[in-house]
**Q** 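Okay, handing you the structure first.
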Amino acid sequence: MDTREHHLDPAQSLEVIAAVIAQTKENIKGYSFLYLLWGWLIAIASFSFFFLHHYTSFKYFFLPFPLLAVTGIVISLWRHSTMRHQSETYIASYLKKLWLVLGISFALVIFINVVETATPFTYTLLIGGIGTLVSGLVLRFKPLVSGGVLFLLFSVISVFTPDYYKPLLQGIAVITGYLVPGYLLKYSRT
């Protein structure tokens with residue numbers, strides 16, 4: 001066992017610090033993948049639901065949501081499994097657990113609303129807003145904070161929106177709350 005201490009000169013110390021900061025900044029960009037994935041899937045599902053429900057006689061107009069949700073879960077799990085070789089930071093661990101709990105909450109809200117024959121859009125917007133706002137605050141990324149606030153505002157607006165238009169409202173909320181911040185995060189210099 002080597003018990004010698006390794007001393008770094010000031011220049012080496014600065015290089016190590018700069019490398020750690022650069023790696024942390026690059027890791028933050030990696031969070032954009034899930035916002036973009038889920039943003040596109042939910043937006044497509046929302047607009048498809050609206051179109052199929054109101055402009056066709058297709059009996060299973062709700063199918064875009066479960067099909068695209070399963071697709072999103074599979075892709076998210078696949079991505080998580082391919083990234084296992086990397087060390088997980090405290091922030092990554094926290095956000096993973098936060099979104100796991102919120103994902104379970106999404107499923108419960110949808111189940112409860114289906115049983116009660118109500119639309120889940122108000123509550124899914126609320127849950128998405130909580131997750132996005134907390135993620136933005138933890139990552140210190142203002143566009144995600146703004147996206148979370150927009151989700152929360154859209155959840156309040158949906159209370160006063162007829163059920164007919166709620167899928168459109170959700171699609172717009174996801175574009176402004178997930179996709180715009182997701183692309184800003186992906187291409188940020190943070």
Side-chain angles (χ1 to χ4, degrees), residues 27-28 30-50 60-84 86-141 143-159 161 163 166-167 169-182 185:
N27 288 346
I28 289 174
Y31 290 102
S32 67
F33 175 82
L34 292 173
Y35 286 101
L36 296 175
L37 170 69
W38 284 100
W40 280 110
L41 292 176
I42 296 169
I44 290 167
S46 298
F47 295 131
S48 298
F49 176 98
F50 179 81
Y60 302 107
F61 59 86
F62 57 87
L63 276 181
F65 279 110
L67 293 175
L68 292 173
V70 168
T71 301
I73 291 168
V74 168
I75 293 171
S76 297
L77 291 173
W78 171 79
R79 177 160 167 94
H80 175 69
S81 71
T82 61
M83 299 187 77
R84 282 189 176 242
Q86 296 178 353
S87 60
E88 185 173 71
T89 65
Y90 176 76
I91 289 175
S93 174
Y94 173 79
L95 291 176
K96 181 174 66 175
K97 291 171 186 165
L98 170 70
W99 283 102
L100 175 66
V101 170
L102 292 175
I104 293 167
S105 300
F106 273 111
L108 289 173
V109 160
I110 292 166
F111 172 76
I112 291 166
N113 280 270
V114 166
V115 169
E116 293 182 345
T117 62
T119 59
F121 299 110
T122 299
Y123 306 106
T124 56
L125 288 169
L126 181 63
I127 293 169
I130 291 167
T132 306
L133 180 57
V134 170
S135 297
L137 291 169
V138 168
L139 294 172
R140 295 182 181 154
F141 190 68
L144 270 181
V145 172
S146 299
V149 170
L150 286 170
F151 263 112
L152 296 176
L153 289 174
F154 277 113
S155 72
V156 172
I157 292 168
S158 75
V159 171
T161 302
D163 285 350
K166 285 183 181 179
L169 187 69
Q170 179 168 282
I172 294 166
V174 168
I175 289 170
T176 61
Y178 280 174
L179 289 176
V180 171
L185 184 58

**Q** Checking side-chain contact (heavy atoms from CB on, under 4.5 Å) against W38, which of I73, L68, L179 comes through?
**A** I73

**Q** Which heavy atom of P143 sits nearest a heavy atom of P181, and at what distance?
**A**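 Heavy-atom minimum between the residues: O-CG, 3.4 Å.
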
**Q** Nearest 0.5 Å please: distance from the CG atom of L139 over to the OH atom of Y94.
**A**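 Spacing of CG (L139) from OH (Y94) equals 10.5 Å.
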
**Q** Would you confirm whether S155, through its side chain, and L152, through its main-chain N or O, come within 3.5 Å as a donor-acceptor pair?
**A** yes

**Q** Run the side chain to side chain contact (heavy atoms under 4.5 Å, CB included) test against A92 and tell me which residues pass, sequence neighbours left out.
**A**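 So A92 forms a side chain to side chain contact (heavy atoms under 4.5 Å, CB included) with Y31, E88, T89.
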
**Q** Centroid-to-centroid, F49 to F61, below 6.0 Å?
**A**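 Between F49 and F61, the centre distance is under 6.0 Å.
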
**Q** If you apply the rule side-chain contact (heavy atoms from CB on, under 4.5 Å), what do you find for L150 with V180, and how did you get there?
**A** CA-CA 11 Å; L150 286 170; V180 171; over 6 Å; no

**Q** How far apart are the closest heavy atoms of L144 and G136, and which atoms are they?
**A** CB-CA, 3.5 Å

**Q** With heavy-atom distances below 4.5 Å as the criterion, would you say the side chains of F151 and V174 are in contact?
**A**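 Yes, their side chains come closer than 4.5 Å.
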
**Q** Looking only at heavy atoms, which two atoms of F154 and L169 are closest? And how far apart?
**A**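 Smallest interatomic distance, heavy atoms only, reads CD2-CD1, 3.4 Å.
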
**Q** Less than 4.5 Å apart, side chain to side chain, heavy atoms only: is that true for Y35 and F33?
**A**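 No. Closest side-chain heavy atoms not under 4.5 Å.
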
**Q** Please tabulate, for side-chain N and O atoms in residues 120-131, each donor-acceptor pair with protein atoms closer than 3.5 Å (sequence neighbours left out).
**A**
{"from": "T122", "atom 1": "OG1", "to": "S158", "atom 2": "OG", "distance (Å)": "2.7"}
{"from": "T124", "atom 1": "OG1", "to": "P120", "atom 2": "O", "distance (Å)": "3.3"}
{"from": "T124", "atom 1": "OG1", "to": "F121", "atom 2": "O", "distance (Å)": "3.1"}
{"from": "T124", "atom 1": "OG1", "to": "Q170", "atom 2": "OE1", "distance (Å)": "2.9"}

**Q** Taking all atoms of both residues into account, what is the closest heavy-atom pair of T119 and N113, and its distance?
**A** O-OD1, 3.2 Å

**Q** For the residue pair G182 and S32, what are the closest heavy atoms and their distance?
**A** O-CB, 3.2 Å

**Q** Identify the heavy atoms of T132 and W99 that sit nearest to each other, and give their distance.
**A** N-CZ2, 3.5 Å

**Q** Between F62 and Y60, what is the ring plane arrangement, given parallel below 30°, perpendicular above 60°, and tilted in between?
**A** perpendicular

**Q** Counting neighbours of CH2 on W40 that are heavy atoms of other residues, nucleotides or ligands and sit closer than 6.0 Å, is the number greater than 12?
**A**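 No - once you tally the heavy atoms of other residues, nucleotides and ligands closer than 6.0 Å, there are 12 at most.
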
**Q** Report yes if the side chains of S76 and L37 come closer than 4.5 Å at any heavy-atom pair, otherwise no.
**A**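 Side-chain contact under 4.5 Å: yes.
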
**Q** Apply side chain to side chain contact (heavy atoms under 4.5 Å, CB included) to L67 and list each qualifying residue two or more places apart in sequence or on a separate chain.
**A**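 Applying side chain to side chain contact (heavy atoms under 4.5 Å, CB included) to L67 gives L63.
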
**Q** To the nearest 0.5 Å, what is the distance between CG on L102 and CG on L98?
**A**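 It is 4.5 Å, given to the nearest 0.5 Å.
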
**Q** Nearest 0.5 Å, please: how far is CZ in F65 from CG in L41?
**A** 11.0 Å

